[in-house]
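Input: a single structure, listed below in structure tokens.
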Amino acid sequence: MKEEIRSKYEAVIGLEVHAQMLTKSKAYSNDVNEFGAHPNNNISAITLGHPGTLPKMNKKTIEYAIKLGLALGCDIARDQYFARKNYFYPDLPKGYQITQDKTPICTGGFVHIKLEEGTEKTIGITRIHMEEDAGKSIHDVDIYDTLVDLNRAGVPLLEIVSEPDLRSSQEAYYYLTEIRKLVRYLDICDGNMEEGSMRCDANISVRLVGAPEFGTKVEVKNMNSIRNVQRAIEFEIIRQIEELENGGTLSQETRSFDALKGITISMRSKEAANDYRYFPEPDLLPLVIDEGQINAIHAEMPALPRELFLKYTKEYGLSEYDAYILTDTKSIANYYETLLLHTKNYKSAANWLMGDVKSYLNQYGVEIDAFPIPADRMAELIALIDAGKVSTSIASQKIFPEMLVNLTDAPLQIAETLNLIQDSSEDGISTFIQEVIASNPSEIERYKNGEKQLMGFLMGQLMKVSKGKADPKVANELLRKSLENL
Amino acid sequence: MYKSFAEVKTALASGSSVLEIVESYLTKINQHAHLNAYLEVFEQSAKENALRVDEKIKKGTAGRLAGMVIGLKDNLAYKNHKVSAASKILEGFESIYTATAVQRLIDEDAIIIGRLNCDEFAMGSSNENSAFGPVKNHLNTNCVPGGSSGGSAVATGANLCTASLGSDTGGSIRQPASFTGTYGLKPTYGRISRYGLIAYASSFDQIGPITNTLEDAALLLEIMAGDDEYDATVSSKKVANYSAFDTVKPLRIAVISEALYAEGIDPEVSAKMEAVIASLKKAGNTVENVSFPYMDFIVPTYYVLSTAEASSNLSRFDGVHFGHRSQNAQGVEATYKKSRSEGFGPEVQRRIMAGTFVLSHGYYDAYYTKGQKVRRILQNKTNAIFKQFDLILLPTTPSTAFELNAVKDPINMYLQDIFTVHANLTGNPAISLPLGRHSNGMPFGVQVMANHFDEKQLFNFSHYLENL
């Protein structure tokens, strides 16, 4: 599509994210909530919707919902009730979903996203409510029948509905990345879109730039990664613009994303939509949340990425890039925070974490939880450098690799055992200088004749002779003096 | 023949075994098969359990209900036993768990002897809506036993069990109790766990006993009531010692004028009510007429709200996971439609349709929301009465049991619930006591309603009234 046509239009996008909560049991039964179990293993009379069964509230889901609400700056409803959403589907054994309709647990709120140009944009959150997941219909295993797996039926979900504040597929990408980061920080959802534990439906419309009204909205489903959400939205924006440019009209419909072909396909029109006949769920009591409960949950909340980012850039003087990398996952941020309990050299700690430690993690393909060196030991290594006992390069090349395998000895001991403690005494270094002068007569001669750039070579020789132990600062000064006095 | 648990205990004391008691009930059930009270007799498991309880009696470890033989309304789950809600849609369905209330009886060594006929999904007032044929009133087999717990009332009344369990959504325990000369209790909403009761209308349903003595009703309530982690709506309020009847001091009793002087009430029923009121007054109680000017709204409100809930509760019977699946359906949509059309009887279909309508877009506020508002008004008014009075007295039914096929118009049938549905709308406990006998030979009940969770008072007063 030509940029001049594309730029006539503006896309308006709102996202509905379903996040499966990481509770041990399901939303309304004691059945285990886990991914990947053998089909129809995590079930009971309640999950099966057998006659006479009733929902049994899992209080953890309320706590998780409040956590997310507080993290997003939402209002937490004090009085609310659950509702039934009625529809027939084979993977919905009760014939209704327990959800929240008129009284979502969280309303308002916002997410900050960082745009490419470095500016920040605020995306509004309309509401967050609690509901239960349906089972899974599997259409491609048996050629004659659809198979139903009810392990997922009753798994607690948080539905997070954004305002139609997103204007591009890229913004949607950033928004989802932020939401995923947040639910992972809060430990309420693993954010794994490939396994379906986080899912996203996109409401997309386009309008001429400056038009006061929204265009006709199309809902797109079935995108199993953040990248695919971006692709689907991009496709849909172009499709809608083309339709309008060709003189056509858009109809309100639900479309499905085909990741292989990269296109969206119409699933059903809105006219065929269900009347869900929402009404208050009579099997669950209305929920009353008091201030004390909210305060208690607030007190237990971990530091959130945005807070940490601001602290790292404003207080610790780290670059935005460094701060972004360090706050990208909670585990890295936690390690960094623990490191800072033992050292105040923020910059050095950040460099170690983003350099040698990250390389190790990448090399072995592991998360920081599997990193063998505890933070306090890393801090000792940094202290060793700061005290001038070893150089950064010695620490990186010799001591750090040894620390990875020798988990008993402190960095200082390792340095001593390997004879790596830096010599900063003038006497010691002078001996090395004499050795360098003696064994490089021609270079010394050329230096004296004005080839001052040989300083670097001679310094290298000095470090070599000292096996890296000479304190480079002291050594540099002494060498210069010695050469000048020759 | 054992009319009550007291008689069972006497028999046990004089050397009878529980097995012998069970066997005598089995014989009696066989002899009365024409009443169609039982849909299935659990002969084998009942005998096995009888032997087990006999062992416990020998060892001195038997529970409080050892020897009591209980029939279950066919909407209560009992593990590894069929349950069908008297509907074809659940034909062949076996429960994989036991209802909390039933389990509590079993834990006290009661014997479950079978499942009892009822109106399909507890929807009906005559037991004529069962997919397995009507139950006949044992006192006159041309008459209905009432409903929906008709099988439970007849089984108890005809001594085909020591006591039975029913469920009461709009009067389904009390009305058949009135028609069969038995005691029928609907406890406070939330007094007994509903876990394992096939839901009709969740915010109205309560399990309750139908018995031949007040003592048995009180004892069964005492054992079944109380907190249950499987029902969010059950109360954790302490369960009182209901079966120890205390003497009552003079009480303040309200009589609802609109009920006592209702149009269409049988003169013999109102005469009996007047007589009861007179003797209560004479004994020093305060009895006053109060106005409850909402009688015309009670039944419509009940049917709007209960059918709304029912339409959702009965969605799970879809032919996909359990129960009846149409053999003539291709595809999922047709499976739903045909399975449900074939499986549900006409009254159930009527209520599902009505409930779907009142919840549907565009009608919700006019029906469901308004129904909720009226329900709140009824609750407020009733609470106000209980601020001034200890109990409310009213008839259970306007008349005695009518003849089979006599009431054909559904609306007329719905009016059967006029005096009972009040307690379901407001959640109050109410009991029907067999105090009246009509010149036509059939019994009728007097209904007592108490404040929420005041079953203690309800039983104390009922005991007092019986002996007045």
Side-chain angles (χ1 to χ4, degrees), chain A residues 25 27-30 40 43-59 81-98 101-102 135 137 139 144-150 153 272-287, chain B residues 75-77 79 83-85 90 93 95-100 121 190 193-199 201-205 228-234 305 308-309 311-323 332-333 335-337 340 355-362 364 368-369 372:
Chain A
S25 57
Y28 305 110
S29 73
N30 292 333
N40 295 312
I43 56 168
S44 65
I46 299 177
T47 293
L48 291 169
H50 272 197
T53 54
L54 298 169
K56 187 174 174 294
M57 190 73 208
N58 180 347
K59 300 232 160 57
Y81 60 84
F82 295 90
R84 288 188 187 176
K85 178 181 179 179
N86 296 283
Y87 66 96
F88 287 97
Y89 207 73
D91 58 26
L92 187 73
K94 297 193 299 292
Y96 56 83
Q97 178 194 33
I98 302 176
D101 176 33
K102 293 202 173 75
S137 293
H139 303 288
Y144 299 111
D145 295 310
T146 293
L147 305 181
V148 174
D149 176 7
L150 294 178
N274 267 317
D275 178 356
Y276 291 118
R277 293 178 285 119
Y278 285 99
F279 76 105
E281 162 61 287
D283 287 332
L284 290 170
L285 296 178
L287 187 60
Chain B
N75 59 359
L76 290 160
K79 191 173 178 173
V83 61
S84 80
L90 272 174
F93 179 78
S95 186
I96 61 170
Y97 73 103
T98 300
T100 300
F121 283 99
S193 167
R194 291 182 293 120
Y195 187 69
L197 168 66
I198 298 182
S202 311
S203 72
F204 297 83
D205 295 342
D228 176 23
E229 60 163 337
Y230 286 93
D231 179 358
T233 63
V234 80
L305 298 177
E309 293 181 13
S311 71
S312 175
N313 283 332
L314 270 59
S315 293
R316 67 189 65 198
F317 306 102
D318 60 5
V320 173
H321 294 278
F322 46 77
V332 69
E333 189 83 17
T335 300
Y336 291 145
K337 287 179 178 164
R340 287 166 69 81
T356 303
F357 173 76
V358 300
L359 288 178
S360 61
H361 188 73
Y364 183 89
Y368 186 80
T369 306
Q372 293 280 55

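Remember, it's a predicted structure, so these values are computed and weren't measured experimentally.
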Q: Select one option (side chain, backbone, both, neither) describing which atoms of A/Leu150 are under 4.5 Å from chain B's heavy atoms.
A: side chain
Q.
Is A/Asp283 close to chain B through its backbone or its side chain, or both, or neither, when contacts mean heavy atoms under 4.5 Å?
A. both
(Q) With no hydrogens and no angle check, just 3.5 Å: does a side-chain donor-acceptor pair link A/Arg277 and B/Tyr364? (A) no
Q: With A/Pro90 as reference, evaluate B/Thr335, B/Val332, B/Asp318 under the side chain to side chain contact (heavy atoms under 4.5 Å, CB included) test and give the passing residue.
A: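 Of the listed residues B/Thr335, B/Val332, B/Asp318, the side chain to side chain contact (heavy atoms under 4.5 Å, CB included) partner of A/Pro90 is B/Val332.
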Determine the option with the most heavy-atom pairs under 4.5 angstrom with chain A, choosing from [options].
{"options": "B/Ser311, B/Gly196, B/Ala201", "answer": "B/Gly196"}
{"options": "B/Ala77, B/Ser360, B/Ala199", "answer": "B/Ser360"}
{"options": "B/Leu314, B/Val320, B/Ile96, B/Asn75", "answer": "B/Ile96"}

Q: Could you list the residues that satisfy salt bridge (Lys or Arg N to Asp or Glu O under 4.0 Å) with B/Asp205, not counting sequence neighbours?
A: none
**Q.** Under the salt bridge (Lys or Arg N to Asp or Glu O under 4.0 Å) test, residues paired with A/Lys85 that sit two or more places apart
**A.**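 Per chain and number, A/Lys85 pairs via salt bridge (Lys or Arg N to Asp or Glu O under 4.0 Å) with no residue.
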Rounded to the nearest 0.5 Å, what separation is found between the [atom1] atom of [X] and the [atom2] atom of [Y]?
{"X": "A/Tyr278", "Y": "B/Tyr368", "atom1": "OH", "atom2": "OH", "result": "15.0 Å"}
{"X": "A/Leu54", "Y": "B/Arg194", "atom1": "CG", "atom2": "CZ", "result": "5.0 Å"}
{"X": "B/Leu359", "Y": "A/Asn86", "atom1": "CG", "atom2": "CG", "result": "7.0 Å"}
{"X": "A/Lys94", "Y": "B/Ser312", "atom1": "NZ", "atom2": "OG", "result": "9.5 Å"}

Q.
Quick check on B/Glu229 against chain A: is it the side chain, the backbone, both or neither that has a heavy atom closer than 4.5 Å?
A. both
Q | Atom group of B/Thr356 that falls short of 4.5 Å from chain A, counting heavy atoms | A | both
Might you point out which heavy atoms bring [X] and [Y] nearest each other, and give the distance in Å?
{"X": "B/Ala308", "Y": "A/Phe279", "value": "O-CZ, 4.3 Å"}
{"X": "B/Ser202", "Y": "A/Pro282", "value": "CB-CG, 3.6 Å"}
{"X": "A/Ala45", "Y": "B/Tyr97", "value": "CB-CD2, 3.7 Å"}

Q) Would you say A/Thr53 and B/Arg316 make side-chain contact, with heavy atoms under 4.5 Å? A)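 In contact.
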Q) What do you reckon, are the aromatic ring centroids of B/Phe322 and A/His50 less than 6.0 Å apart? A)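 Yes: the rings meet the under 6.0 Å criterion.
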Q) More than 12 heavy atoms of other residues, nucleotides or ligands under 6.0 Å from NE2 of B/His361: is that the case? A) no
Q: Verify, without hydrogens or angle tests, whether B/Tyr336 (side chain) and A/Tyr89 (backbone) share a donor-acceptor contact under 3.5 angstrom.
A: yes
